**Student:** 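One structure follows; several queries about it will come next.
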Amino acid sequence: MRVYKFGGSCLTSPASLERVRELVGAAGLPLLCVFSALRGVTDRLLALFERAVATGEVPAEAQALLAEHRAYLEPLPAVRRAPAEAQLAALGAELERTLLGVALLGEPSARARDRALSFGERAAVVLAAALLAEAGLAVEADASADTGLLTDAVHGDARILPDSRPHVLARYRGRRGVVLVPGFIGRSRSGAITTLGRGGSDYTATYLGAVLGATTTLWKDTQGLLTADPRLVAAPRRLTQIHYLDALELAHYGTRAIADRAILPCMQARTPIEIRGFLHPEEVTRIDGREAGVLAVSSVAEAVMVDFLGTGRDMLRTLARLLSALAERNTYPLLVTEASPRGETSIVLKQGDLGLLEQLLEEHQIDEQPLVREDIGLVAMIGSRMRGRVGFAAAIFETLAAHRINILAIAQTASERNVSVILERDRVPEAVAALHERFIERELD
Ligand code: ASP
Ligand code: MG
């Protein structure tokens, strides 16, 4: 068995589903295909949801969204089209009921938001199933929200629970044909629909691949994992093969090609992940257990640094409380440094997580008043090629010093796969370009 996942950025028109058919047709059976929502649909559903709350009405755009999906079915003969249209209409009605509910309530509920978002992936499965079946493939599809994935109850950013394993095996093992599964969604123990965080369809696919012992191929319109962000460096190189742990570092520190939570299940099960170009299948990054001696530069420009100066009495306990509260919300800092007798500690987070941190400080009545710096960014040298190399950290600092870039905080992991520096945000592009030039372009040429 293999697992394929088709990213929303690839699903842009009926022609793109024709490309899906080509890829599926060329693959061996059995094949599990996980679908994202069509491009842009999740963002639009979010906007619809917010508008319903704000205006007290179901926005007219809900109908337009449904009609756009229906248009994909137009080329099909009536016998094939009618049942798919009926399924789509049922999903549309469910969406409208959810929007109406929050419109009347005038308050956003995280549960209702996830239910509304689930429309995107489920509708994509309905469309793909009809088009693939029409092309003569043996398709089994289920557009319900029951994918066999049991999650925690962190709506909007749920994690899959290990108890999902028997459900997944019972549901998918032994299938023969092409099985279509909506990505991004699961159910909590109470039965509510949950979503797995933005980009969460990858996580659905890799989790299924891990449990089923299959290779997972993520078909995307990106170039896979690169030695640097192509927006910051003119000619980054593709990493054709990379160890799980290095990929995990890249994922946590800035790459948009894959999220860290999507790597973990396969790392534990030792099943490989491939990121492949939807239109250029020869462009591939393979993530597996082989140590490849990778080196890359990563960055998170939208970071914030929260400094606890340690004037409160019990900094360590305060910190423990705060970090465990963050973990409960599936939120992990980019970096934590502590090196002072007073317990002075800096926590660096993605900008988007600052609101949550502030909320938790209040909820947990933590009276230590931290200093928040929003004008900083993080740059990380990543990869096992740094291990055991004397002078590597010195060379990183020298390179930055030569550009007169000031370092505000530093962390190196004991695995020597990551040296992170915090600097002023507007120096991030220059720092990335300088490090890439010094360690990757110059070293390899
Ligand atoms: N549709 C969801 C999103 O856009 C999940 C995914 O695409 O993986 O975030
Ligand atoms: Mg998407």
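Source: prediction; values computed, not measured. Start at 1 with the first residue, then count along the sequence. Whatever order the structure lists them in is the order used to number ligands and atoms, beginning at 1.
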**Student:** Say you draw a straight line from CG of Leu323 to CD1 of Ile347; how long is it, rounded to the nearest 0.5 Å?
**Tutor:** 5.0 Å

**Student:** Counting from 1, what ligand 1 atoms have a heavy atom of Ser36 closer than 4.0 Å?
**Tutor:** 6 (C), 7 (O), 8 (O)

**Student:** What I want to know is whether Glu121 and ligand 1 share at least one N or O pair that is separated by under 3.5 angstrom.
**Tutor:** yes

**Student:** Assess Gly200 for proximity to ligand 1: is some non-hydrogen atom of it under 4.0 Å away?
**Tutor:** yes

**Student:** When you compare ligand 1 with Asp202, is there at least one nitrogen or oxygen pair between them that comes in under 3.5 angstrom?
**Tutor:** no

**Student:** Treating Arg159 as the side-chain partner and Asp157 as the backbone partner, does any N or O pair qualify as donor plus acceptor under 3.5 Å?
**Tutor:** yes

**Student:** What do you reckon, does Gly199 have a nitrogen or oxygen under 3.5 Å from a nitrogen or oxygen of ligand 1?
**Tutor:** yes

**Student:** What atoms of ligand 1 come within less than 4.0 Å of a heavy atom belonging to Arg198?
**Tutor:** 3 (C), 4 (O), 9 (O)

**Student:** Please check this pair: side chain of Ser144 against backbone of Asp146, looking for a donor-acceptor N/O pair closer than 3.5 Å.
**Tutor:** yes

**Student:** I'd like to know if the side chain of Arg261 reaches the main chain of Leu196, judged simply by a donor and an acceptor atom lying under 3.5 Å from each other, with no hydrogens or angles considered.
**Tutor:** yes

**Student:** Side chains of Arg256 and Thr222: any donor to acceptor distance under 3.5 Å?
**Tutor:** no

